[in-house]
Amino acid sequence: MLLRYSIALSLFFTSLPPLPLLAAMPVGNSDLGQNKAYSCQFCHGVSGYSERDDYPHLNGQNAQYLYNAMLSYQHGERGGVMGKMMQQQLSALNEQDLADIAAFYAVQKAGKPNAE
(Lines give C-alpha, C1' and ligand atoms only; values in the text may rest on other atoms or scores of the structure.)
Protein backbone atom coordinates (compact mmCIF):
# COMPACT_ATOMS: atom_id res chain seq x y z
CA MET A 1 0.00 0.00 0.00
CA LEU A 2 2.78 2.41 0.92
CA LEU A 3 4.61 1.60 -2.30
CA ARG A 4 1.49 2.38 -4.38
CA TYR A 5 1.03 5.65 -2.53
CA SER A 6 4.67 6.61 -3.07
CA ILE A 7 4.46 5.80 -6.79
CA ALA A 8 1.20 7.73 -7.19
CA LEU A 9 2.64 10.70 -5.34
CA SER A 10 5.81 10.57 -7.42
CA LEU A 11 3.81 10.46 -10.66
CA PHE A 12 1.69 13.36 -9.50
CA PHE A 13 4.65 15.62 -8.75
CA THR A 14 6.49 14.73 -11.95
CA SER A 15 3.37 15.62 -13.95
CA LEU A 16 3.28 19.17 -12.59
CA PRO A 17 4.76 21.99 -14.69
CA PRO A 18 8.08 23.31 -13.42
CA LEU A 19 7.95 26.24 -11.03
CA PRO A 20 9.03 29.53 -12.57
CA LEU A 21 12.48 30.54 -11.46
CA LEU A 22 13.07 33.95 -10.00
CA ALA A 23 15.00 36.12 -12.41
CA ALA A 24 18.48 37.14 -11.37
CA MET A 25 17.95 40.76 -10.45
CA PRO A 26 20.61 43.40 -11.09
CA VAL A 27 21.50 45.56 -8.10
CA GLY A 28 19.02 48.44 -8.10
CA ASN A 29 19.73 52.07 -7.28
CA SER A 30 16.76 53.66 -5.52
CA ASP A 31 17.88 57.21 -6.34
CA LEU A 32 17.96 56.45 -10.05
CA GLY A 33 14.74 54.50 -9.68
CA GLN A 34 12.88 57.54 -8.40
CA ASN A 35 13.53 59.35 -11.68
CA LYS A 36 12.79 56.27 -13.80
CA ALA A 37 9.46 55.72 -11.99
CA TYR A 38 8.06 59.07 -13.12
CA SER A 39 5.22 57.62 -15.19
CA CYS A 40 4.39 55.10 -12.44
CA GLN A 41 3.18 57.84 -10.11
CA PHE A 42 0.06 58.57 -12.14
CA CYS A 43 -1.46 55.23 -11.08
CA HIS A 44 0.64 54.15 -8.08
CA GLY A 45 1.25 57.53 -6.42
CA VAL A 46 4.48 59.48 -5.94
CA SER A 47 5.76 57.22 -3.15
CA GLY A 48 4.06 54.04 -4.39
CA TYR A 49 0.89 54.46 -2.33
CA SER A 50 -2.06 54.47 -4.70
CA GLU A 51 -5.10 56.55 -3.85
CA ARG A 52 -7.18 54.29 -6.11
CA ASP A 53 -8.35 50.88 -4.95
CA ASP A 54 -7.86 49.30 -8.38
CA TYR A 55 -4.09 49.96 -8.43
CA PRO A 56 -1.78 48.16 -5.98
CA HIS A 57 0.43 49.92 -3.47
CA LEU A 58 4.09 49.46 -4.33
CA ASN A 59 5.69 51.22 -1.36
CA GLY A 60 7.53 48.90 0.99
CA GLN A 61 7.15 45.85 -1.27
CA ASN A 62 10.02 43.41 -1.71
CA ALA A 63 12.32 44.56 -4.54
CA GLN A 64 12.74 41.06 -6.00
CA TYR A 65 8.95 40.62 -6.10
CA LEU A 66 8.45 43.98 -7.84
CA TYR A 67 11.23 43.25 -10.32
CA ASN A 68 9.77 39.84 -11.23
CA ALA A 69 6.27 41.30 -11.50
CA MET A 70 7.49 43.98 -13.90
CA LEU A 71 9.36 41.38 -15.96
CA SER A 72 6.18 39.29 -16.13
CA TYR A 73 4.23 42.29 -17.39
CA GLN A 74 6.93 43.09 -19.94
CA HIS A 75 6.88 39.55 -21.29
CA GLY A 76 3.08 39.48 -21.52
CA GLU A 77 2.77 36.81 -18.83
CA ARG A 78 0.15 38.83 -16.93
CA GLY A 79 -3.05 39.30 -18.87
CA GLY A 80 -6.11 41.46 -18.94
CA VAL A 81 -6.50 45.13 -19.64
CA MET A 82 -4.17 46.12 -16.80
CA GLY A 83 -1.59 43.60 -17.99
CA LYS A 84 -1.60 45.13 -21.47
CA MET A 85 -1.35 48.64 -20.03
CA MET A 86 1.58 47.64 -17.82
CA GLN A 87 3.30 45.87 -20.72
CA GLN A 88 3.10 49.09 -22.73
CA GLN A 89 4.31 51.24 -19.82
CA LEU A 90 7.32 48.98 -19.22
CA SER A 91 8.18 48.30 -22.87
CA ALA A 92 10.96 50.92 -23.12
CA LEU A 93 12.70 49.89 -19.90
CA ASN A 94 15.62 47.49 -19.60
CA GLU A 95 16.31 45.12 -16.70
CA GLN A 96 18.52 47.66 -14.91
CA ASP A 97 15.72 50.23 -15.11
CA LEU A 98 13.31 47.71 -13.60
CA ALA A 99 15.76 46.91 -10.79
CA ASP A 100 16.20 50.62 -10.04
CA ILE A 101 12.44 51.19 -9.95
CA ALA A 102 11.96 48.13 -7.74
CA ALA A 103 14.67 49.40 -5.38
CA PHE A 104 12.99 52.82 -5.18
CA TYR A 105 9.61 51.43 -4.18
CA ALA A 106 11.15 48.86 -1.83
CA VAL A 107 12.79 51.58 0.31
CA GLN A 108 9.60 53.61 0.60
CA LYS A 109 7.77 53.33 3.91
CA ALA A 110 4.86 50.90 3.65
CA GLY A 111 1.37 52.17 4.33
CA LYS A 112 -0.42 55.42 3.74
CA PRO A 113 1.93 58.43 3.73
CA ASN A 114 1.46 60.80 6.66
CA ALA A 115 -0.75 58.25 8.43
CA GLU A 116 -1.33 59.25 12.02
Side-chain angles (χ1 to χ4, degrees):
M1 182 66 154
L2 183 58
L3 181 59
R4 275 194 223 168
Y5 178 74
S6 296
I7 292 171
L9 195 57
S10 177
L11 289 172
F12 170 75
F13 282 112
T14 57
S15 70
L16 294 175
L19 293 174
L21 298 175
L22 294 178
M25 179 179 156
V27 175
N29 180 315
S30 61
D31 292 331
L32 294 175
Q34 182 174 13
N35 293 328
K36 294 175 182 183
Y38 176 77
S39 67
C40 305
Q41 71 182 338
F42 298 107
C43 298
H44 298 285
V46 175
S47 68
Y49 183 87
S50 176
E51 295 294 332
R52 295 183 51 170
D53 290 337
D54 48 346
Y55 295 109
H57 305 304
L58 304 179
N59 54 332
Q61 293 287 338
N62 177 278
Q64 181 75 52
Y65 167 78
L66 291 172
Y67 176 78
N68 282 311
M70 288 187 284
L71 275 180
S72 292
Y73 281 119
Q74 259 191 344
H75 297 148
E77 296 168 357
R78 292 192 177 197
V81 175
M82 293 297 197
K84 292 288 185 195
M85 181 183 71
M86 285 295 297
Q87 185 178 24
Q88 180 62 38
Q89 287 294 318
L90 298 169
S91 65
L93 302 175
N94 63 37
E95 291 185 11
Q96 184 61 58
D97 295 332
L98 299 181
D100 292 342
I101 292 168
F104 168 68
Y105 285 120
V107 300
Q108 302 305 304
K109 183 178 178 186
K112 187 172 185 176
N114 302 322
E116 305 293 305

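In this text the structure is predicted, and so the values were computed from the model without any measurement.
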Q: Hey, is OH on Tyr38 packed in by over 12 heavy atoms from elsewhere, all under 6.0 Å?
A: no

Q: How close do Gln96 and Val27 get, heavy atom to heavy atom, and via which atoms?
A: NE2-O, 2.9 Å

Q: Set out, in order, the CA-CA distance, both residues' side-chain angles and the distance that settles side chain to side chain contact (heavy atoms under 4.5 Å, CB included) for Leu71 and Glu95, then state yes or no.
A: CA-CA 8 Å; Leu71 275 180; Glu95 291 185 11; 4.2 Å; yes

Q: When you measure from the side chain of Gln88 to the backbone of Gly83, do you find a donor-acceptor pair of N or O atoms at a distance under 3.5 Å?
A: no

Q: Nearest 0.5 angstrom please: Cys43 SG to Gln89 CD, how far?
A: 7.0 Å

Q: Mark yes or no for whether Asn35, through its side chain, and Leu32, through its backbone, hold a donor-acceptor pair below 3.5 Å.
A: no

Q: Quick one: pull up CD in Gln41 and CD in Gln34 and give me the separation to the nearest 0.5 Å.
A: 9.5 Å

Q: How long is the span from the CG atom in Asp97 to the NZ atom in Lys36, to the nearest 0.5 Å?
A: 4.0 Å

Q: With the 4.5 Å side-chain cut-off for hydrophobic clustering, are Met86 and Tyr55 part of the same group?
A: no

Q: Between Asn29 and Asp100, is there a donor-acceptor pair closer than 3.5 Å when you use the side chain of the first and the backbone of the second?
A: no

Q: Start with the C-alpha gap between Tyr49 and Glu51, add the side-chain angles, then the distance that decides, and say whether side chain to side chain contact (heavy atoms under 4.5 Å, CB included) holds.
A: CA-CA 7 Å; Tyr49 183 87; Glu51 295 294 332; 3.8 Å; yes

Q: To the nearest 0.5 Å, how far apart are CG in Leu90 and OG in Ser72?
A: 10.5 Å

Q: Report yes or no: do Leu58 and Val46 belong to one cluster of Ile/Leu/Val/Met/Phe/Trp/Tyr joined by side chain heavy-atom distances under 4.5 Å?
A: no

Q: Please name the pair of heavy atoms, one in Ala99 and one in Met25, separated by the smallest distance, quoted to 0.1 Å.
A: O-CE, 4.1 Å

Q: For the atom pair OH (Tyr105) and OG (Ser47), what is the distance rounded to the nearest 0.5 Å?
A: 8.0 Å

Q: How many angstroms lie between CE in Met70 and CD in Gln87, if you round to the nearest 0.5 Å?
A: 14.5 Å

Q: Do the side chain of His44 and the main chain of Ser50 share a donor and acceptor less than 3.5 angstrom apart?
A: no

Q: Decide whether Tyr73 and Leu93 are clustered together by the hydrophobic rule: side chain heavy atoms of Ile, Leu, Val, Met, Phe, Trp, Tyr closer than 4.5 Å, transitively.
A: yes

Q: Under 4.5 Å between side-chain heavy atoms, counting indirect links through other Ile/Leu/Val/Met/Phe/Trp/Tyr residues: same cluster for Phe104 and Tyr65 or not?
A: yes

Q: Donor-acceptor check, side chain of Gln61 to backbone of Leu66, threshold 3.5 angstrom: yes or no?
A: no

